[in-house]
Amino acid sequence: MQIGIILAVLAVAALANGQLPLGRECDERACRLPRCRCSSTDIPGGLLPRDTPQFVSLTFDDAVNGINIFTYREIVYGRRNSNGCPAGTTFYVNHEYTNYQLVNELYNNGYEIALHSLTHRTPQTFWANASVEEMMQEFADQRLQMSHFGLIPAEQMKGIRLPFLQMSGNTSFQMMARAGFVYDHSWPTTSYTNPGLWPYTLDYASKHDCIVPPCPTASVPGVWVFPMIAWSDLHGTPCAMVDTCYFTPALDDEDGWYNMILANFERHYRGNRAPFGFYIHEWYLAINPAVKRALIRFLDLVNNLNDTFMVNGHEIIEWVQNPIPVHEYARRPCRRFSRTPCRPTSCGPLRAEHNGLDYWMQVCNTCPRVYPWIGNPLGR
């Protein structure tokens, strides 16, 4: 155990010096919870499947605005799990066109606000080749921006998702270690779906298959990977985001969609109970009401199962760090958080220096001088 601690300290020092030690084969004797976990399909804590909580992770990507908030209110507001605790959802938010008053509303209703980059810029190759400093501007500066305009406590923004699920090799994880982010939720797996790959740290080399290269090769101690376990569509083709599944039931076939959702869920539930993800963009539900109704039916089922819990992403990481059996988990006190009051302010038109356009912003703070963007996240 002492050797593992020494190696972790050396790895952190190397990261601080800009050097990236290559990840070695994981040593399970040295890599121990809560700080370290090897990449594995093994259930944390050595629990049996029947003793393991089945977590459901519902996530939405992109801007939060006055249109999609109605879908969020309809689908997730007011939900509770079978233990009486509020159900969770994680929103991976990018900056452009986001209404920060509505982000504040989501946070104050108990949902997790995570980061999806400041610019969400194209081309996709930018993210594959981005430097650590560029990643700091996209995510560390966005956390500052989100905290300022949405009054979201900075320490509550723990997770990130890279645009287009485009991996950046070691770079994004090096940024996370420097900026103090807890977990990344960008990395799909199609090889480890049955049984599913549980969250793990990057202290050691990963067995995770690389779907959208480049993927990390370095040791980045303490940074968590939350794998996006792919679904199987009707022809068995894998898809990480629900709205990218190709062979699906007809878009007006509610029962067909419900059955496809349930089939993917049951692969987790009847297997090693790795977290089940429903990863989607709101627009897909908005234009396909039958898919939305199927999702609502599925969430109703989840909220009534005694061993299944719809939770925020960071809660899943916290359980993996300190795994307890489902009967103990169900009796735990519900999570608590402090709401932050919003002083609604409408700002605009604000000239954007990067493209010359005018924007309007809804914020919980004073108005910026110009439209906030990369290198000037507060618009000063």
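Just so it is clear, the values below take in all heavy atoms, side chains as well, and ignore hydrogens, waters and symmetry mates. The chain is numbered in sequence order, starting from 1. In this text, all values refer to a predicted model and were calculated from it rather than measured experimentally.
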R178 vs E133, salt bridge (charged side-chain N to carboxylate O under 4.0 Å, His left out): CA-CA, chis, key distance, verdict: CA-CA 10 Å; R178 182 188 298 183; E133 291 306 322; 2.6 Å; yes

CA sep, side-chain torsions, deciding dist, call: Y371, H354, side-chain hydrogen bond (donor to acceptor under 3.5 Å, both in side chains): CA-CA 9 Å; Y371 189 67; H354 69 285; over 6 Å; no

C245/C239 under disulfide (SG to SG under 2.5 Å): CA gap, chis, key distance, verdict: CA-CA 5 Å; C245 294; C239 41; 2.0 Å; yes

side-chain hydrogen bond (donor to acceptor under 3.5 Å, both in side chains) assessment of N303 paired with R79: CA-CA 7 Å; N303 295 155; R79 288 191 173 274; 2.8 Å; yes

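A distance-only check finds a donor-acceptor pair linking the side chain of E138 to the backbone of L118 [under 3.5 Å]. Within the 3.5 Å criterion, the main-chain N or O of H281 finds a donor-acceptor partner in the side chain of D243. W319 places a side-chain N or O within 3.5 Å of a backbone atom of I324 that can act as its donor or acceptor partner. W231 contributes a side-chain N or O that, together with a main-chain N or O of G277, makes up a donor-acceptor pair within less than 3.5 Å. With D233 contributing its side chain and T248 its backbone, the two residues share no donor-acceptor pair below 3.5 Å. No donor-acceptor pair under 3.5 Å is formed between the side chain of D184 and the backbone N or O of V225. Under a 3.5 Å cut-off, the side chain of R335 and the backbone N or O of G110 do form a donor-acceptor pair. At least one donor-acceptor pair under 3.5 Å links the side chain of N83 to the backbone N or O of C85. In this structure, the side chain of D209 engages the main chain of S191 through a donor-acceptor pair within 3.5 Å. Panel note: side chain N104, backbone T340; a donor-acceptor pair is recorded below 3.5 Å.
Under the 6.0 Å distance and 45° angle rule, R293 does not count as a cation-pi partner of F298. A cation-pi geometry, defined here as NZ or CZ lying under 6.0 Å from the six-membered ring centre and within 45° of its normal, does not hold between R24 and Y204. Annotation: cation-pi geometry satisfied between R273 and Y269 (NZ/CZ under 6.0 angstrom from ring centroid, within 45° of ring axis). Within the cation-pi definition used here (under 6.0 Å to the ring centroid, within 45° of the axis), R351 does not qualify as a partner of Y359.
Expressed to the nearest 0.5 Å, how far CG of N170 lies from SG of C215 amounts to 10.0 Å. Note that the CE atom of M228 and the OG1 atom of T190 stand 12.5 Å from one another [nearest 0.5 Å]. A distance of 4.0 Å separates NE2 of H185 from CZ of F226, quoted to the nearest 0.5 Å. From F164, atom CZ reaches atom OG of S186 across 12.5 Å, with rounding to the nearest 0.5 Å. Taken to the nearest 0.5 Å, the SG atom of C342 stands 5.0 Å off from the CD atom of Q101. The distance from the CG atom of N304 to the CZ atom of R80 is 13.5 Å, given to the nearest 0.5 Å.
Side-chain atoms of Q54 and T308 form no donor-acceptor pair, as typed in the model, at a separation below 3.5 Å. In this model, no donor atom of one side chain and acceptor atom of the other lie less than 3.5 Å apart for Y100 and H148. A side-chain donor from one of T59 and R161 sits under 3.5 Å from a side-chain acceptor of the other.
With a 4.5 Å cut-off on side-chain heavy atoms, Y258 and P249 do not count as touching.
Between K292 and E74 there is a salt bridge, since a side-chain N of the basic residue sits under 4.0 Å from a carboxylate O of the acidic one. For R35 and D203, the salt-bridge test fails: no basic side-chain N is under 4.0 Å from an acidic carboxylate O. Residues E112 and K158 are not paired through a salt bridge, judged by the lack of any N-O separation under 4.0 Å between the basic side chain and the carboxylate. Between D255 and R297, at least one side-chain N (NZ, or NE/NH1/NH2) sits under 4.0 Å from a carboxylate O, which counts as a salt bridge.
Within a 6.0 Å sphere centred on CD of E25, other residues, nucleotides and ligands contribute 12 heavy atoms or fewer.
The shortest non-hydrogen separation linking L165 to P188 is CD1-CG, 4.1 Å.
For an aromatic pair to be called close, the ring centres must be under 6.0 Å apart, and F337 with Y111 fails this. For an aromatic pair to be called close, the ring centres must be under 6.0 Å apart, and Y92 with F60 fails this.
Hydrophobic cluster membership is shared by I113 and M361, with clusters built from Ile, Leu, Val, Met, Phe, Trp and Tyr side chains linked at under 4.5 angstrom.
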